[in-house]
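Report on the structure given below.
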Amino acid sequence: MLISVVIPVYNESDLIEDLYKAVMSAMTKFTNDFEVICVNDGSKDDTLLKLQVCHQRDKRFKVLNLSRNFGHQSAYTAGLSYAKGDYVAMMDGDLQDPPELIADMYKCAIDNQSDVVYGRRTERHETFFKKLSIKLFHFIFNKLSNINAPANVGNFSVMNRKALEAFLALEEKNRYLPGLRFFIGFKQDYVDYSRDDRTIGEAKMNFSRLLKLALDALFSFSKLPIKICIYLGMIGIIFTLIGGAVVLYKKLTGEAITGWSSILVSMYFLGSVQLLFMGIIGEYVHRIFVETQNRPVFIVKDFFED
Ligand code: UDP
Ligand code: MG
């Protein structure tokens, strides 16, 4: 049973050494048959150099170098498609997720015959603002999306080949991997763990990147924004018709219409509502555009395999 561990890294020069040691020791403790695929997501510092040094030390530590920064989710996708393992683990490179848990998730998959086992965070040691926004995202996502995804679950997981093939067969470009992983179905289980804060370096997923990911997740798994648009439009039309009838009645009975300001205000109001929802439709149109463009999710520059 070959086990692959896929790890994306971006500007993580300071922690490559620790990462290498932690992953290699956690893996050798429970198997000899493994490979680590570290994906360098277009780092601008000397991350690649350090990865290559590690690769020279142990050939099981492989380095996949992307041609530029494609983002966290694309880097994972790249690594997953190069993984040869019968079981494949996804793990962030910042050691916030304990590599020792891969053994537990793998055992859980074997014992329960699960196809996907993910790590469920019982607690997170991160800043208050980050925890709050992540909670809020999971709450909204669960309410709006048409998949029933558990909260407190990220990328950290183990999958077997069958699940991985299904996962990689999804070729959409705006990728929210935890969502896609639930979307594929199969038998899914979880192992609980507590997530530490980063000890080395800063989070590379800054607020705007996380926001983009959250929007990708919402827009690619929910039709609700369009539905709101349609419902509000229908309600608006009904109210306008009633209002029109009232005005007509007053006109016919000879009462003069005063209060132009209220008319102007409601016109502006409707105008803004229309603008807002044109934006929402525009978002979907844009997504169709991106999908039809059919650009690759990643372009590999080189693959340091042996
Ligand atoms: N990462 C990446 N490409 C990016 C941003 C981040 O490969 O464009 C990597 C990063 O080096 C780290 C992992 O993805 O190994 C998770 O990033 P981070 O810790 O910043 O995310 P968070 O823990 O805040 O979700
Ligand atoms: Mg992190």
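Counting convention: from 1, in listed order, for ligands and their atoms alike.
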- Message: Please report whether the ring centroid of Y176 lies less than 6.0 Å from that of Y76.
- Response: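 Not close enough - the centres of the two rings lie 6.0 Å or further apart.
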- Item | Side chain proximity check, D41 to V9, heavy atoms < 4.5 angstrom |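 Answer no - side chains too far apart.
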- Is the shortest heavy-atom distance from the side chain of C54 to the side chain of K21 under 4.5 Å?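 Answer no - side chains too far apart.
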- Exam field: side chain H55 to backbone F61, donor-acceptor pair closer than 3.5 Å: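 Yes: the side chain of H55 pairs with the backbone of F61.
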- Task: Give a yes or no on whether the backbone of Y193 and the side-chain of T122 come within a donor-acceptor separation of less than 3.5 Å.
- Result: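 Confirmed, T122 side chain pairs with Y193 backbone.
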What protein heavy atom lies closest to [atom]? Include the residue and the distance to one decimal.
atom                    : answer
atom 18 (P) of ligand 1 : R198 NH2, 3.6 Å
atom 1 (N) of ligand 1  : Y10 CB, 3.7 Å
atom 9 (C) of ligand 1  : P8 O, 3.6 Å
atom 21 (O) of ligand 1 : M205 CG, 3.2 Å
atom 19 (O) of ligand 1 : D94 OD2, 2.4 Å
atom 24 (O) of ligand 1 : K130 NZ, 2.4 Å

Atoms of ligand 1 close to [X] [distance to a heavy atom under 4.0 angstrom, numbered from 1]:
X    : result
A203 : 20 (O), 24 (O)
N69  : 3 (N), 4 (C), 8 (O)
G93  : 12 (C), 15 (O)
K204 : 5 (C), 6 (C), 18 (P), 20 (O)

Ligand 1 versus [X]: contacting region, heavy-atom distance under 4.0 Å:
X   : result
E12 : side chain
D41 : side chain
V39 : neither
Q73 : neither

- Under 2.8 Å from the Mg ion (ligand 2), the protein N, O or S atoms, given as residue and atom: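 Listed by chain and number, the nearby protein N, O or S atoms are D94 OD2, Q96 OE1.
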Under 4.0 Å between a side-chain nitrogen and a carboxylate oxygen: does that hold for [X] and [Y]?
X    : Y    : result
R195 : D92  : yes
D216 : R287 : yes
E123 : K131 : no
E17  : R57  : yes
D115 : K187 : no

- Query: D46 and S13: side-chain donor and acceptor closer than 3.5 Å?
  - Reply: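 The answer is yes; a qualifying pair exists.
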- Message: Suppose the criterion is ring-ring contact (aromatic ring centres under 6.0 Å, His included): which pairs have a residue in residues 90-121, not counting sequence neighbours?
- Response: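 Residue pairs passing ring-ring contact (aromatic ring centres under 6.0 Å, His included), neighbours aside: F30-Y106, Y87-Y106, Y118-F182.
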- Non-hydrogen atoms of R209 versus ligand 1: any pair closer than 4.0 Å?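 R209 counts as a contact of ligand 1 under the 4.0 Å cut-off.
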- Message: If we check side chain to side chain contact (heavy atoms under 4.5 Å, CB included) with L164, which of these qualifies: I184, V88, D86?
- Response: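 Exactly one option meets the side chain to side chain contact (heavy atoms under 4.5 Å, CB included) with L164, and it is V88.
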- Would R181 count as a cation-pi partner of F183, with NZ or CZ less than 6.0 Å from the six-membered ring centre and within 45° of the ring normal?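 No.
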- Task: Counting heavy atoms only, name the option from H72, Q96, M91 that's nearest to atom 23 (O) of ligand 1.
- Result: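 Nearest heavy atom to atom 23 (O) of ligand 1 lies in Q96.
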